[in-house]
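Quick caveat, the model's predicted, so the values are computed rather than measured.
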Amino acid sequence: MVLAKYIGRKLAWTLVVLVVALMLNFLLPRLIPGNPVDAIVGQIAAGGGTGGEQLEQIHEHFMQEFGLDKPLWQQFLIYIGNLLHGDFGTSFGQYPASVSHLIGQALPWSIAIQLPAIIVGWVVGNMLGALAAFKGGWVDRGAFVGSLFFSSVPPFALAIILLFVVAVQMGILPVGGAYSFGMTPELSVTFFGDAVTYFWLPFWSLVLVFIGGQAVGMRSMAVYELGSDYVNYNRGLGVRDAMTVRYIFRNAMLPQFTGLGLSIAALITGGLIIELVFSYPGLGTLLFNAIGQNDYPVIQAITLLITLAVLIANFTVDVLTGFIDPRIRAAQSGER
């Protein structure tokens with residue numbers, strides 16, 4: 001019963017946040033100065049050969065096509081209705097391409113660098129923090145200073161440093177992009193081998209910062225655990241260090257686990273900016289171009305996907321915490 005109430009409360013808050021996010025997701029892009037239809041008509045007029053009356057007709061056509069001639073509240077209802085049918089609409093800036101098609105092209109690239117960075121960064125960072133706290137001495141000092149440095153550097157700043165040093169100065173890896181010029185994305189060993197060389201710099205820009213943040217947090221919790229009676233008892237019995245580190249790691253994991261949702265949110269937003277630094281064809285680059293074109297449907301779709309990813313990650317972490325948190329399990333057992 002306690003666990004059910006806990007999950008129900010978390011689900012209710014998640015739904016409330018989702019509703020607020022949907023409203024902001026609709027309103028904020030429309031606060032950007034300018035009209036996307038004016039920009040489209042301006043490009044047509046710049047090409048020449050179109051009279052004023054024709055431009056006016058084109059303007060009215062696009063206003064009706066995009067639904068911008070309707071009141072704001074009616075546009076919002078249409079937006080919600082389309083979302084319920086899985087329709088993100090048509091891109092204003094890349095008309096007549098559908099938003100789903102554009103996101104389908106960009107999303108795999110973002111997942112390719114962010115998902116491995118989350119997994120590797122969380123596992124390696126927590127193991128490094130626990131080991132540094134247990135070993136102490138120069139291992140602790142070196143790991144702590146290094147982790148603190150990387151956790152303090154914004155991902156985009158580290159990306160610029162790596163880009164300049166590794167790609168520009170040393171020429172070890174490509175400067176930017178996702179694959180070599182002239183190649184076409186396909187499921188082949190040749191393309192995969194080429195794309196991997198472009199993958200490393202964005203990946204390391206994310207994972208080093210994530211490892212640093214996780215290691216600092218785990219070290220702090222592990223240092224606290226080192227003062228526990230069971231650690232001194234193990235040392236007195238001559239228990240192997242590897243066994244004691246495993247106990248420390250397990251007991252210090254709960255705060256790290258609950259903070260994982262927030263860490264994922266920070267990593268996702270940082271990853272979008274890193275894509276701009278390396279001209280990586282992911283959601284970050286697509287979002288940046290859409291903002292410059294006042295492309296409301298693309299902006300709304302990407303920000304909605306980011307919101308859903310963060311909410312799902314946080315809710316999943318909260319639910320799993322309910323199963324592993326000894327306080328909730330003890331309360332659940334007490335009711336029985």
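The hydrophobic clustering, which links ILVMFWY residues whose side-chain heavy atoms are closer than 4.5 Å, places Val153 and Leu148 apart. Cluster annotation: Ile118 is connected to Val209 through the hydrophobic network of ILVMFWY side chains, with a link wherever side-chain heavy atoms come within less than 4.5 Å. The cluster map of Ile, Leu, Val, Met, Phe, Trp and Tyr, joined by side-chain heavy atoms under 4.5 Å apart, puts Leu102 and Ile306 in the same cluster. Under the 4.5 Å side-chain heavy-atom criterion for grouping Ile, Leu, Val, Met, Phe, Trp and Tyr, Trp200 is not connected to Val189 through any hydrophobic cluster. Linking ILVMFWY residues whenever their side-chain heavy atoms come closer than 4.5 Å, directly or via other members, places Leu84 and Leu304 in the same cluster.
Closest heavy-atom contact between Ala133 and Arg219: CB-O, 3.9 Å. Across Leu128 and Ala143, no two heavy atoms sit closer than the pair CD1-CB, 4.1 Å. For Pro297 against Val99, the heavy-atom pair with the smallest separation is CB-CG2, 3.6 Å. Between Met218 and Gly129, the shortest heavy-atom distance links the atoms CG-C, 3.8 Å.
Looking only at distances, no side-chain donor or acceptor of Gln214 sits under 3.5 Å from a matching main-chain atom of Gly125.
Inspection of the Tyr198 and Ser180 side chains reveals an N or O donor paired with an N or O acceptor under 3.5 Å.
The CH2 atom of Trp13 sits 14.5 Å away from atom CZ of Phe315, with the distance rounded to the nearest 0.5 Å. Note that CD1 of Ile274 is 11.5 Å distant from OG1 of Thr285, once rounded to the nearest 0.5 Å. Rounded to the nearest 0.5 Å, atoms CD (Gln300) and OG1 (Thr307) are 11.5 Å apart. With values rounded to the nearest 0.5 angstrom, Asn234 atom CG is found 11.0 Å from Arg240 atom CZ. Rounding to the nearest 0.5 angstrom, the gap separating the CZ atom in Phe150 from the OG atom in Ser205 is 10.5 Å. Atom CD1 of Ile113 is separated from atom CG of Leu201 by 11.0 Å, given to the nearest 0.5 angstrom.
Below 30°, between 30° and 60°, or above 60°: for Phe76 and Tyr79 the angle between ring planes is between 30° and 60°, a tilted geometry.
No more than 12 heavy-atom neighbours from other residues, nucleotides or ligands sit within 6.0 angstrom of OH on Tyr224.
Screening Ile302, Ile111, Val298 against Leu283 for a side-chain contact (heavy atoms from CB on, under 4.5 Å) leaves a single residue, Ile302.
Judged as a salt bridge (charged side-chain N to carboxylate O under 4.0 Å, His left out), not a single pair has a partner in residues 10-26 (not counting sequence neighbours). Listed by first then second residue, pairs satisfying side chain to side chain donor-acceptor pair (under 3.5 Å) with a partner in residues 147-160 number zero, not counting sequence neighbours.
Looking at heavy atoms from C-beta onward, Pro281 lies out of side-chain contact with Gln105 at the 4.5 angstrom threshold. Between Pro174 and Phe278 there is no side-chain heavy-atom pair separated by less than 4.5 Å. Two residues are said to be in side-chain contact when any heavy atoms from C-beta on lie closer than 4.5 Å; Thr303 and Leu28 fail this criterion. You'll find the side chain of Leu305 reaches within 4.5 Å of the side chain of Ile103, heavy atoms only. Using a 4.5 Å cut-off on side-chain heavy atoms (C-beta onward), Tyr179 and Trp109 make contact. Counting only heavy atoms from C-beta outward, the side chains of Ile299 and Leu287 approach each other to under 4.5 Å. Looking only at side-chain heavy atoms (C-beta outward), Ser100 and Phe88 come within less than 4.5 Å of each other.
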For a quick test of your reading: what N or O donor-acceptor pairs under 3.5 Å do the side chains of residues 15-24 make, sequence neighbours left out?
none

Would you give me the side-chain donor-acceptor pairs under 3.5 Å for residues 157-166, sequence neighbours excluded?
none

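Here Trp138 is tied into one hydrophobic group with Val139, each link being a pair of ILVMFWY side chains closer than 4.5 Å. Listed by chain and number, the hydrophobic cluster partners of Leu276 are Phe288, where partners are ILVMFWY side chains within reach of under 4.5 Å, directly or through others.
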message = Go through it in stages, so that I can follow the logic: the residues are Val207 and Val124, the test is side chain to side chain contact (heavy atoms under 4.5 Å, CB included), and I'd like the CA-CA distance, side-chain angles, deciding distance and then a yes or no.
response = CA-CA 10 Å; Val207 78; Val124 174; over 6 Å; no
